[in-house]
Undergrad: 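First the structure, which I've put down as structure tokens, then a few questions once you've had a look.
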Amino acid sequence: MNEHSNKWIGQRTIRPDGADKVTGRAAFGADTTMPGMIWGKVLRSPHAHARIRSIDTSKAESLPGVKAVVTARDIVNFTTDKPFILGIQDMRWMCRNVMAREKVLFHGHPVAAVAAATEEIAAEACKMISVEYEVLPWVIEIEDAIKPDAPILHEFNKLDGKPSNITGKLEHKLGDIAAGFAQAEVIVERSFKTRPVHQGYIEPHACLVSVASDDKTTIWSSSQGQFMVRAMTALLTGLTQSDIRAIPAEIGGGFGGKTIVYLEPLATMLSKKSGRPVKMVMSREEVMRASGPTSGSSSTVKIGATKDGRIVAAHGIYYLQAGALPGSPIRGAAGCSFAPYDIPNVLSQGFDVVSNRSKVVAYRAPGAPIGAYAVECVMDELAVALKMDPLELRLKNAAKQGTKAAHGPVYPRIGFVETLEAARAHPHYKAPLGKHHGRGVASGFWFNAGGESSAQVNITEDGNVVVMTGHPDIGGSRAAIANIAAELIGIDYKSVSVLIGDTATIGYSNMTGGSRVLFASAMVVTQSAEKVITILRARAAKIWNIDPDAVTWEDGAARPAGDNAGKFAPLTLAEIAAKATETGGPIGAGVQLNTTGAEGGFATHICDVEVDVDLGIVRVLRYTAFQDVGKAVHPSYVEGQMQGGVAQGIGWALNEEYIYNRNGQVDNAGFLDYRMPVCSDLPMLDAVMIEIPNPKHPQGVRGVGEVPLVPVMAAIANAIHDALGIRFYSLPMSPPKVLEALDLPRAAE
Amino acid sequence: MAKLHVTTTINGDPVEFLCEPHHTMLDVLRGSLGLTGSKEGCGSGDCGACSVTLDGRLVCSCLMLAAEAEGHQIRTIEGMAEGEMLHPLQQKFLEMAALQCGICTPGMLVAAKALLEHNQEPTETEVRYWLAGNLCRCTGYDKIVRAVLETAAEMRGAAR
Ligand code: FES
Ligand code: FES
């Protein structure tokens, strides 16, 4: 642990990219152009499920202004019989997601793409492509997709020897649940449903790609990982990775939704065929129909406890929608849901179900909020049945250092208990409530992640510092890295520049996701800075002609280690930098690592709601989130993650859902009808940071971005129950549903 | 189709451009004028990322035809700072971390500035309703609302 002065770590510094972002200078995915640039557009499926008999692009190709047309024939085919894994994705599904191959699998599925001199011509040309479809029966909801006679999306996928829409399974087991439930004196078992929700980033997917005649390719795009863009585009187009330079644009929100490619491979092939740079930007409607969302779900959770409130067994079954191609976050649902508790007997099962919807992608703590919603609502009912305070019940069963979790680990020092104690002691928990008001609590867990990161720390000739890392900065990570570099090197924050490298200028770095960026990049930046300090000490030693071990580095200057080392005035960073050439050359160091030791994050939330019993509108009146954040390197951006996660959860709980019509099409593919929380919907969101340093990290960092979403839906459901005495077992708890529930007893009267 | 010739004023500067009749103000700002600070989040008036002012009135530039700029005054995010001097709202957004990804920020700032020009002493509720047309998915609005309230207070203090 770095326990010394902490002059910069923990400070609310102004972010390095700040001035660009408040003046409109920052360049996002859609903000660049290239000389000779043309526009690409995608033709999308009008059907939810259909076999593609033929595609005729000749008319479109002959339209003046059209420069290239691509179809699945131009995209590398990964055959369905051989898995090809890249990170958490399988290229068999990626290649079919970016461009429909044998079949279109959802309304909005790309079928072809056109590049033309103007957007208008490209759009016109798309209409001139004729596709012959054999329309097939389709299925949208989980219950329908797992029926024995359901339309099958992928005939090659078999379950017990028969074609099935269940495309994956996962199980975590601890102890023996049958024996556990036999000991239970109180058992609560409930079933829950959630709807798919979109990540809702305000910036639509966008890219600009230029492929030269020698295949040297530049990709400018907004994503959560330029190296992911490079790898996936290379695989899908047949280019080599070394030919591709993927430049990360500033990214206008991702939340997991920009961890895969949609447009880049299409723009690359269009550019290759046309010989021109090609720009593609999705419309909001395309974003809603064909990117994201996270899974809808159908879950059953059963928890048993003894009368004194000790949980003895828990069983969770989570069916998650994958969308049209396999790969839903069942690991997050099954792995995280019971993770906050010390339970001797656990069975947690996840099932991946395909149906004719757009393919799901990661969304903030993928899967975990779905599991937590079910478990934390059951915990609330259990507390009522046991006549216990819901925080007491959680405290009694809280996981601690040494607890064995069903998903594998034995926990090191974690801060879950501290979040519960802080919630219990907080004035919010005791504040009076008014009529139709209610209070709910819920907790949550997210794994957090480490993985590959690279950094380079260079000293400029005038004695300042340039730090480069390889992770797109979505929420202020550059500011936190600058804090760390300034702290370690002992210089003013303003002397540090932090930049995000492209795939040609920095070593491989995994994506911005999983709450890994600050954890991992702080590690490589710390090690790089330490190497730089070693070099600086050696240079000072050379200047003084003494042993490097006799030189220390303190407050941004080399100093003799003691009186024995000799009497020399300190040499500042600027003075050593000025002599770099004579003392051995440029000063800088880089580190590339597969980082480990990202320990889980825990949170507990308190929520107050008011229900308008005439209109069915639920309003969040007060919200306080308590989270073990490890070490808040930049507290404002940690709070920001917590507040942003809570706001997304409020949307998921109360309003957001995809509405499908009778033709298997999304009816609300826009911000007007897919209603995310707006400013006037929300109160201030209080973020209480609890710092239990991660023992496995030099600054004590834990990931903080994902877990704030995990408890929200249950906290709100539990608050609504407290207000009305009514439990809701499906999301969203939107006005029509609330009114219907309120009217039931009224109708019975 | 014949292009339209438009003479207008953008951020105080005289500007002429040619556009198609169906082009929006946002298309022209981001396109031929290269003012990409205004963002397109939806193109349908639902996100506010494209906010500009037209003769001082807050509008979604994606809902305004470019030809309508003829003879009017447009202000965009690019015209908010004066030289190197950030507008107090821009400065406060930085100090209070009222942005994460920053894609909503230009629209938010343009809208907040329009609010403070109308109402020097807004309540929290007034700020929240004024900004209800500007979506932010990252921040939960907390720090944005605080930054606007605090800027308003400081600007009142400075004016006294
Ligand atoms: S782009 Fe104009 S309101 Fe969204
Ligand atoms: S800061 Fe990302 S949308 Fe507002």
Side-chain angles (χ1 to χ4, degrees), chain A residues 12 14-15 17-28 30-33 120 199-204 250-255 281 283-285 473-476 479 634 636-637 639-648 650 670-672 676-687, chain B residues 20 22 27 30-31 34-49 76-78 80-81 86-87 89-91 93-109 124-125 127-146:
Chain A
R12 297 175 189 257
I14 288 184
R15 56 199 281 166
D17 54 321
D20 277 354
K21 292 244 164 96
V22 297
T23 54
R25 259 189 221 102
F28 291 83
D31 294 345
T32 40
T33 54
E120 288 86 351
Q199 293 80 351
Y201 33 82
I202 307 300
E203 178 200 33
E250 292 296 333
I251 165 172
F255 315 107
V281 181
S283 67
R284 177 56 51 185
E285 187 183 336
D473 170 5
I474 317 187
H634 193 303
S636 300
Y637 292 110
E639 290 164 354
Q641 288 296 320
M642 294 169 69
Q643 292 162 337
V646 168
Q648 286 184 317
I650 292 172
F671 281 147
L672 187 61
M676 310 196 307
V678 303
C679 198
S680 53
D681 292 333
L682 300 180
M684 292 297 184
L685 303 168
D686 293 327
Chain B
E20 304 278 353
H22 67 270
D27 292 333
R30 293 184 49 81
L35 294 171
T36 53
S38 304
K39 307 299 179 192
E40 179 162 343
C42 66
S44 56
D46 300 312
C47 76
T76 70
I77 185 66
E78 285 89 350
M80 194 158 167
L86 294 181
H87 185 277
L89 277 166
Q90 292 173 308
Q91 187 60 35
F93 266 51
L94 291 180
E95 286 165 12
M96 297 183 68
L99 56 146
Q100 284 176 34
C101 78
I103 194 86
C104 69
T105 310
M108 242 355 138
L109 284 166
E124 180 190 331
T125 305
V127 172
R128 288 189 179 277
Y129 278 90
W130 184 275
L131 294 180
N134 290 77
L135 285 178
C136 174
R137 190 60 155 174
C138 298
T139 63
Y141 306 102
D142 182 295
K143 292 185 191 303
I144 293 173
V145 174
R146 287 179 201 276

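Bear in mind that the values here come from a model prediction, so they are computed numbers and not experimental data. By convention in this document, chain letters (A, B, ...) are assigned in the order of the sequence lines, proteins followed by strands, and residues within each chain are numbered from 1.
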Undergrad: Between A:Pro683, A:Gly254, A:Ala479, who has the most heavy-atom pairs with chain B when the cutoff is under 4.5 Å?
TA: A:Pro683
Undergrad: Which atoms of A:Ala26 are under 4.5 Å from chain B, going by heavy atoms: the side chain, the backbone, both sets, or neither?
TA: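 The backbone, not the side chain.
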Undergrad: If you count heavy-atom pairs within less than 4.5 Å of chain A, which of B:Ala97, B:Pro106, B:Gly37, B:Gly45 leads?
TA: B:Ala97
Undergrad: Counting only heavy atoms closer than 4.5 Å, note whether B:Tyr129 contacts chain A via side chain, backbone, both or neither.
TA: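 Both backbone and side chain.
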Undergrad: Got a second to check how far A:Tyr637's OH is from B:Gln100's CD, nearest 0.5 Å?
TA: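 One finds 8.0 Å between OH of A:Tyr637 and CD of B:Gln100.
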Undergrad: Tell me which of these, B:Glu78, B:Met80, B:Lys143, has more heavy-atom pairs under 4.5 Å with chain A than the rest.
TA: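 The residue among B:Glu78, B:Met80, B:Lys143 with the greatest pair count is B:Lys143.
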Undergrad: Just how far is it from atom OH of B:Tyr141 to atom OG of A:Ser680, taken to the nearest 0.5 Å?
TA: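 Rounded to the nearest 0.5 Å, the OH-OG separation comes to 8.5 Å.
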Undergrad: Can you say whether B:Leu94 sits under 4.5 Å from chain A via the side chain, the backbone, both, or neither, judging by heavy atoms?
TA: both
Undergrad: Closest approach of B:Ile77 and A:Val22, non-hydrogen atoms and distance?
TA: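 Distance-wise, the nearest heavy atoms are CD1-O, 3.4 Å.
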Undergrad: Is chain B contacted by the side chain of A:Arg25, its backbone, both, or neither, given a heavy-atom distance below 4.5 Å?
TA: neither
Undergrad: Determine the option with the most heavy-atom pairs under 4.5 angstrom with chain B, choosing from A:Ala27, A:Gly645, A:Ala687, A:Pro677.
TA: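 Maximum pair count with chain B is reached by A:Pro677.
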Undergrad: Do you know which of A:Ala19, A:Ser283, A:Gly24 has the most heavy-atom pairs with chain B at a distance under 4.5 angstrom?
TA: A:Gly24
Undergrad: Heavy-atom pairs under 4.5 Å with chain B are the metric here; pick the option from A:Met642, A:Glu639, A:Arg12 that has the most.
TA: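 Highest number of heavy-atom pairs under 4.5 Å: A:Glu639.
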Undergrad: Counting only N and O atoms by type, is there a donor-acceptor contact under 3.5 Å from the side chain of B:Arg137 to the main-chain atoms of A:Gly253?
TA: no
Undergrad: Output the option from A:Val646, A:Ile650, A:Ile251 having the highest count of non-hydrogen pairs under 4.5 Å with chain B.
TA: A:Ile251
Undergrad: Passes side chain to side chain contact (heavy atoms under 4.5 Å, CB included), A:Ile14 versus B:Met96? Steps please.
TA: CA-CA 8 Å; A:Ile14 288 184; B:Met96 297 183 68; over 6 Å; no
Undergrad: So which residue, B:Cys138, B:Gly41, B:Ala81, ends up with the most heavy-atom pairs under 4.5 Å with chain A?
TA: B:Gly41
Undergrad: So, B:Arg30 and A:Asp31, do they make that salt bridge, N to O below 4.0 Å?
TA: yes
Undergrad: What residue, out of B:Leu99, B:Val127, B:Asn134, B:Leu109, has the most heavy-atom pairs lying under 4.5 Å from chain A?
TA: B:Leu99
Undergrad: As an exercise: rank A:Gly670, A:Gly644, A:Ala647 by heavy-atom pairs under 4.5 Å with chain B and give me the winner.
TA: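 Of the options given, most contacts go to A:Gly644.
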Undergrad: With only heavy atoms counted, which part of A:Ile474 is less than 4.5 Å from chain B, the side chain, the backbone, both or neither?
TA: both
Undergrad: Regarding A:Arg284 and B:Glu40, does a basic nitrogen lie under 4.0 Å from an acidic carboxylate oxygen?
TA: no
Undergrad: Does any backbone or side-chain atom of A:Glu285 lie under 4.5 Å from a heavy atom of chain B? Answer side chain, backbone, both or neither.
TA: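 A:Glu285 has no heavy atom closer than 4.5 Å to chain B.
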Undergrad: Enter the distance from A:Phe28:CZ to B:Ile103:CD1 here, rounded to the nearest 0.5 Å.
TA: 4.5 Å
Undergrad: List the steps and the verdict of side chain to side chain contact (heavy atoms under 4.5 Å, CB included) for A:Met684 and B:Arg146.
TA: CA-CA 9 Å; A:Met684 292 297 184; B:Arg146 287 179 201 276; 3.5 Å; yes
Undergrad: For chain A, which of B:Thr36, B:Asp142, B:Val145 has the most heavy-atom pairs under 4.5 Å?
TA: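 Heavy-atom pair counts peak at B:Asp142.
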Undergrad: To the nearest 0.5 Å, tell me how far A:Tyr201 OH sits from B:Cys101 SG.
TA: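 Output value for this atom pair is 12.5 Å.
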Undergrad: Using non-hydrogen atoms only, which part of B:Thr139 is less than 4.5 Å away from chain A: side chain, backbone, both, or neither?
TA: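 The backbone, not the side chain.
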Undergrad: Considering only heavy atoms from C-beta outward, does the side chain of A:Lys21 approach that of B:Gln90 to under 4.5 Å?
TA: no
Undergrad: Of all of B:Leu35, B:Leu131, B:Asp46, B:Thr105, which one pairs up most often with chain A through heavy atoms under 4.5 Å apart?
TA: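 Max contact count across the listed options: B:Asp46.
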Undergrad: Checking heavy atoms, do the side chain of A:Glu250, its backbone, both or neither come under 4.5 Å from chain B?
TA: neither
